[in-house]
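The next block holds one structure in the form of structure tokens; read it before the comments.
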Amino acid sequence: MIFTFPDGSEKTFATGVTGYEIAKSISGRLAREALSVTVADTIYDLHRPLTSGGRIAINTWDDEDAKYAFWHSSAHILAEAVEALYPDVKLGIGPPVEQGFYYDIDFGDRQVGNEDLPKIEDKMQELVRQKNRFERFELSKSEAIGYYKKKNDPYKLDLLEGLEDGTISFYKQGNFTDLCRGPHIPDTGRIKAIKLLNTAGAYWRGDNTSKQLTRIYGITFPKKSMLDAFLNQMEEAKKRDHKKLGPQLGIYMIDRMVGSGLPMWLPNGTILRRALESFLREEQLRRGYQEVITPHIGNLELYKTSGHYPYYQDSQFAPMEVDDEGYLLKPMNCPHHHRIYDHEMRSYRDLPVRLAEFGTVYRYEQSGELNGLSRVRGFTQDDAHIYCTNDQLKDEIKNCIDLTRYVFSTFNMPVDIRLSFRDENDEKYGGERELWDRAQQEIREAADEMDLDYKIDKGEASFYGPKIDFVIQDALGRKWQLGTVQVDYVMPERFDLTYIGSDNQKHRPVIIHRAPFGSLERFTSILIEHFAGYFPLWLSPQQAVIIPVSDQFNELAESYRQQLSEVGIRVKTDLRSEQIGAKIRNAETNKIPFMLIVGEKELENQTVSVRKHKKGDIGSFNFSKFISIIKKEVDDKVLPDDKQVNGILS
RNA sequence: GCCGAAGUAGCUCAGCUGGUAGAGCAACGCUCUCGUAAAGCGUAGGUCGUCGGUUCGAAUCCGAUCUUCGGCUCCA
């Protein structure tokens with residue numbers, strides 16, 4: 001058998017050679033670090049005899065697939081440990097996830113919680129020290145069913161029902177056997193660090209009518225140092241938690257008397273939000289958008305027409321009755337915008353019409369789903385709807401993509417782009433098939449012409465049209481789906497929207513829905529965590545504080561404050577009778593970017609001693625020079641220079 | 001909504017097996033007038049999330065409820 005290695009070289013091995021043997025022929029170190037092997041795009045266990053050659057890659061921890069095998073194997077060890085400690089448990093499923101793995105377990109009547117985790121963890125430690133091999137074997141479906149009938153495990157039987165007879169594989173390590181497709185790592189000894197993280201309830205097969213199992217989350221690593229780094233990162237994430245930093249920095253609050261899931265923007269947060277809004281507003285106006293404002297409630301008819309009311313009834317606040325008519329707290333801005341479009345006779349010369357609004361919408365999210373600013377019941381979308389002709393669609397899509405990329409580049413956040421297209425199941429989608437094909441074609445062309453890296457997800461389109469999703473990555477390497485650009489053929493029909501073409505006939509426009517930030521609340525929560533509260537200057541609620549050395553210099557401080565305020569810098573003086581060390585500490589903990597210290601020297605020379613937060617004293621500046629420097633930093637939207645923190649898992 | 005956990009001063013937390021709440025920071029007052037991450041002294045501040053029960057007596061035990069957190073489910 002001939003194998004082709006990633007570097008292009010070829011080697012010949014006898015049939016039945018294992019990935020481990022091949023790795024060893026390259027280097028002992030590779031053999032030690034190897035976790036699985038990929039041959040011709042299929043992943044195999046390292047000790048599985050190979051029966052055909054092809055493109056080969058030896059996978060180590062750095063390969064996503066190998067990492068998943070590692071965590072998958074860890075899940076088996078978790079199950080083995082649990083079964084050893086609680087012999088009567090029933091096992092559900094135990095897959096790897098983005099950061100670690102879990103196993104869903106039915107503990108019967110026993111309550112198992114976080115306090116039981118150390119015990120299970122100890123057992124796992126014991127099992128990995130045994131360095132048990134993961135051994136693969138196959139059973140026929142009836143043998144497999146027999147096995148689990150004997151074991152009396154309803155969940156595995158349920159899983160088996162969905163499997164084809166023939167190649168039902170099992171893995172055995174130590175005293176534990178599990179139904180599993182694999183692949184797995186060679187032996188349990190590869191796992192050098194284990195941490196069980198938490199427990200949670202999870203429905204069998206994600207179905208809330210079936211039984212709720214206990215899910216145990218954990219993570220493992222091939223090196224102890226990696227676990228330490230991971231735990232540090234968790235600590236870091238906790239420190240950055242917007243639910244803590246947000247209220248602390250005066251960004252927002254949630255008050256039970258006002259209602260859960262209904263955040264209120266505090267003065268500092270409002271400054272930040274308005275800065276985001278004007279940033280986007282100006283960019284949109286430059287790109288030919290028109291801004292509109294629509295009310296927070298709308299007649300039920302509006303949402304019956306759009307189809308939102310019947311379809312999403314469960315996630316809306318109940319309608320209210322006014323003068324014998326039903327009204328709904330608006331869950332979407334689009335129906336209002338469609339009516340504005342329809343308010344005038346539109347000519348093809350008017351198109352595209354781009355209506356933008358920072359529109360606040362209300363949705364009934366389940367109580368358990370609410371989360372700080374990132375999951376709320378009332379939020380503001382940076383919404384816009386573009387009404388255009390089919391011929392204009394591609395350019396408009398490009399414009400939307402460009403705007404979204406521009407917005408995220410301002411924060412130096414890497415963006416992944418996903419094109420969500422339809423699948424073959426016509427029933428799932430509205431609008432004519434050929435329009436869809438054309439739109440998907442144009443989305444793809446737009447993406448290609450803009451030289452985008454993208455991934456296509458078939459079947460992920462929305463009901464009314466294909467879409468582009470933007471997934472950004474924050475400073476901790478976490479991914480968030482934010483911006484979206486969606487093509488819509490259904491609403492123009494439902495609202496009977498038209499324009500008069502050059503042929504003097506009525507035509508249907510096509511609509512693009514788009515929102516770069518998505519929701520200002522959610523985006524702000526991400527910004528808080530991305531910057532750990534150290535916002536870039538242009539977003540900082542307070543940009544500078546003037547600290548006089550003693551109260552003899554209060555007058556100078558006040559004069560400086562006025563001059564800075566006049567050019568639009570958000571600045572305050574700290575005239576308290578505190579020592580300057582205390583005032584500086586106070587400014588640092590409040591994450592104020594600039595501390596301007598003034599005293600005798602500064603009074604004499606009309607200078608200012610500048611301290612930058614997290615950096616310390618950066619020296620003395622001529623005051624009017626400093627004004628132009630800080631002004632320029634605001635105008636240029638300069639980012640903090642230390643904000644590139646990379647997670648170990650990214 | 002479901003499973004699990006938690007709620008003590010503005011914040012961070014202490015309060016053992018029931019005997020009527022305590023610290024640091026913050027706030028306020030006075031003193032200090034100070035050069036780059038916490039000056040000193042003093043004052044005030046809590047019906048221990050809420051409601052109910054057990055008890056001579058509940059922050060502490062029991063029940064219910066609300067809110068928050070970790071997940072599940074859902075997400076136009």
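Note that these values count all heavy atoms, side chains included, but never hydrogens, waters or copies made by symmetry. Proteins get letters first, then strands, A, B, ... in listed order; numbering begins at 1 in each.
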Rounded to whole angstrom units, what separation is found between the NZ atom of A:K238 and the P atom of B:U12?
12 Å

For the pair made of CG in A:D104 and P in B:C3, what is the distance, rounded to whole Å?
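Value for this atom pair: 16 Å.
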
Please evaluate the base of [N] for a donor-acceptor partner in the side chain of [X] within a cut-off of under 3.5 Å?
| X | N | value |
| --- | --- | --- |
| A:R215 | B:C72 | no |
| A:T199 | B:A5 | no |
| A:S577 | B:C32 | yes |
| A:Y217 | B:G4 | no |
| A:E602 | B:G35 | yes |

Could you verify whether a donor N or O on one side chain and an acceptor N or O on the other, from A:Q313 and A:Y309, lie under 3.5 Å apart?
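Yes, a side-chain donor-acceptor pair sits under 3.5 Å.
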
Can you tell me if [X] touches the phosphate of [N], counting only side-chain N or O atoms and a distance under 4.0 Å to OP1 or OP2?
| X | N | value |
| --- | --- | --- |
| A:S367 | B:G1 | yes |
| A:K583 | B:A39 | no |
| A:K244 | B:C11 | no |
| A:Q552 | B:U33 | no |

[N] pairs with which nucleotide, Watson-Crick or G-U wobble, both distances below 3.5 Å?
| N | value |
| --- | --- |
| B:C13 | B:G22 |
| B:C48 | none |
| B:U43 | B:A27 |
| B:A6 | B:U67 |
| B:A59 | none |

C1' atoms of B:U50 and B:U17, separation to the nearest Å:
27 Å

Nearest-angstrom distance, C1' atom, B:U8 to B:C3:
27 Å

Taking the side chain as every heavy atom from C-beta outward, state whether [X] and [Y] have any atom pair closer than 4.5 Å.
| X | Y | answer |
| --- | --- | --- |
| A:F517 | A:L280 | yes |
| A:I512 | A:I397 | yes |
| A:V610 | A:L596 | yes |

Under 4.0 angstrom, heavy atoms only, what part of the nucleic acid is [X] near: base, sugar-phosphate, or nothing?
| X | value |
| --- | --- |
| A:N198 | sugar-phosphate |
| A:Y102 | nothing |
| A:G368 | base |

So, is the end of the A:K614 side chain (NZ or CZ) under 6.0 Å from the ring centre of A:Y534 and within 45° of the ring's axis?
yes

Nearest 0.5 angstrom please: A:L355 CG to A:I386 CD1, how far?
9.5 Å

